[in-house]
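Notes for the one structure printed next.
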Amino acid sequence: MTANVQVPVRSLPVPGAVLELLKPITWFAPMWALACGVVSSGASVADRWPFLVGAILLAGPLVCGTSQAVNDWYDREVDAINEPQRPIPSGRIPGRWGLYIAVGWSLVAAAVAATLGPVVFGAGLFGLALAWAYSAPPLRLKHDGWAGVVAVGLCYESLPWFTGAAAVGGGWPRWEVTLVALLYGVGAFGIMITNDFKAVEGDRELGLRSVPVRLGIRGAVRAACILMLLPQLVVIAHLASWGGTYSVVVVGTSVVLQGLLMTRLAQDPKGHAAWFNATGTTLYVLGMMVTAVALGGMTP
């Protein structure tokens, strides 16, 4: 007879598990949007390096990292069933340390934001509020498809873009920069919808009202495509009115190619969602940077 071996219960988190909890791979999207904001401001970063570094930390490791920690803490019971290898259900982050990390990281993020000026501080607090509202009760925005995609789109695209422009520009960005940041955030709503295609059956079973659950797969595909394309068309119209011939051609070509890729996505949304995110979304984010360069070259 084999004796039962008791696995010792940890009292402190495994350091590597804390980094895993913060999910560095997710930091790219907001950091790319922040880079677009910096470029679109047209401001020189020669004497603004401390602000730029602070903004990079704020957008990626801090605010985005906080959102990941909060999400894993409030999903720990579901993860214990579906993904028991994750840091919290596996015990590598024991007890209530997941919550302590989420709260502590939020405080660090707020402190860093406060050093970057009142505009960035306000944007940082708004981003942190959305990060908690998305996963934590009583709001749990992730349980409502539309509220969830709005929160993520704003946090991953609009807010970082705005933050980057404000951090290096030293104040509220130009209205053109703010408008484009909002438009690309709305376009990201469509990207978020495509991410839900792979989990539609599980969402139905768990009672999650994701957009594909609410609209059906076909309806969700149409919504995702419209939400991605329409804001970019508005961006193109504004670029044309601002005299950005080169950027109009490049972003316009990107939109046409995205439209072509969407026809294949519509044929098999679940099967082609990952493929579209690797192709159509790449074209989308490249168009963001082209637009940012055009804005940065405009005379304020």
Side-chain angles (χ1 to χ4, degrees), residues 24 26-67 105-132 150-188 231-232 234-235 238-239 241-244 246-247 251 284-300:
T26 66
W27 302 348
F28 171 77
M31 291 172 72
W32 178 265
L34 182 130
C36 290
V38 171
V39 172
S40 69
S41 72
S44 171
V45 299
D47 58 347
R48 303 288 292 179
W49 279 107
F51 294 90
L52 179 57
V53 171
I56 291 171
L57 292 174
L58 186 66
L62 295 176
V63 174
C64 185
T66 292
S67 72
W105 217 235
S106 298
L107 295 175
V108 173
V112 170
T115 68
L116 301 177
V119 176
V120 176
F121 182 52
L125 291 183
F126 184 56
L128 289 169
L130 283 178
W132 281 88
V150 168
V152 175
L154 290 178
C155 269
Y156 274 62
E157 304 294 350
S158 298
L159 273 175
W161 189 310
F162 179 90
T163 300
V168 298
W172 195 280
R174 305 191 322 265
W175 72 268
E176 298 95 339
V177 174
T178 303
L179 173 65
V180 168
L182 288 172
L183 287 170
Y184 275 112
V186 172
Q232 293 180 90
V234 177
V235 168
H238 279 289
L239 288 172
S241 70
W242 297 331
Y246 165 78
S247 57
V251 179
Y284 183 90
V285 299
L286 291 176
M288 287 170 55
M289 184 57 75
V290 172
T291 301
V293 171
L295 284 172
M298 289 173 54
T299 302

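Computed from a predicted model, the values in this text were never measured in an experiment.
In this structure, the side chain of Arg48 engages the main chain of Ala167 through a donor-acceptor pair within 3.5 Å. Between the side chain of Thr163 and the main chain of Val120, no donor-acceptor pair closer than 3.5 Å is present. A donor-acceptor pair under 3.5 Å links the side-chain atoms of Trp32 to the main chain of Val285, judged by distance alone.
Of the inter-residue distances, the one linking Met298 atom CE with Ser40 atom OG reads 10.5 Å to the nearest 0.5 angstrom. In this structure, CG on Leu239 lies 5.0 Å from OG1 on Thr291, to the nearest 0.5 angstrom. Between the CG atom of Leu183 and the CD atom of Glu157 there is a distance of 12.5 Å, given to the nearest 0.5 Å. A distance of 10.5 Å separates CG of Leu58 from CZ of Phe121, quoted to the nearest 0.5 Å.
Residues Cys36 and Ala292 approach most closely at O-CB, 3.3 Å, considering heavy atoms. Between Val119 and Ala166, the shortest heavy-atom distance links the atoms CG1-CB, 3.9 Å. Closest non-hydrogen pair, Gly164 versus Val38, comes out as O-CG2, 3.7 Å. The two residues Cys155 and Pro30 come nearest to each other via the heavy atoms O-CB, 4.4 Å. In this structure, Leu62 and Ala109 approach most closely via the heavy-atom pair CB-CB, 3.7 Å. In this structure, Trp27 and Gly60 approach most closely via the heavy-atom pair CD1-O, 3.4 Å.
Among Phe162, Tyr284, Tyr156, the single residue meeting the ring-ring contact (aromatic ring centres under 6.0 Å, His included) criterion with Tyr184 is Tyr284.
Open room surrounds CH2 on Trp49; 12 or fewer heavy atoms of other groups in view lie less than 6.0 Å from it. Counted within 6.0 Å of CH2 on Trp132, heavy atoms from surrounding residues, nucleotides or ligands total more than 12; the atom is thus considered enclosed.
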side-chain contact (heavy atoms from CB on, under 4.5 Å) between His238 and Val180, intermediate numbers included
CA-CA 9 Å; His238 279 289; Val180 168; 5.9 Å; no
Applying side-chain contact (heavy atoms from CB on, under 4.5 Å), run through Leu182 and Trp161 and close with a yes or a no.
CA-CA 9 Å; Leu182 288 172; Trp161 189 310; over 6 Å; no
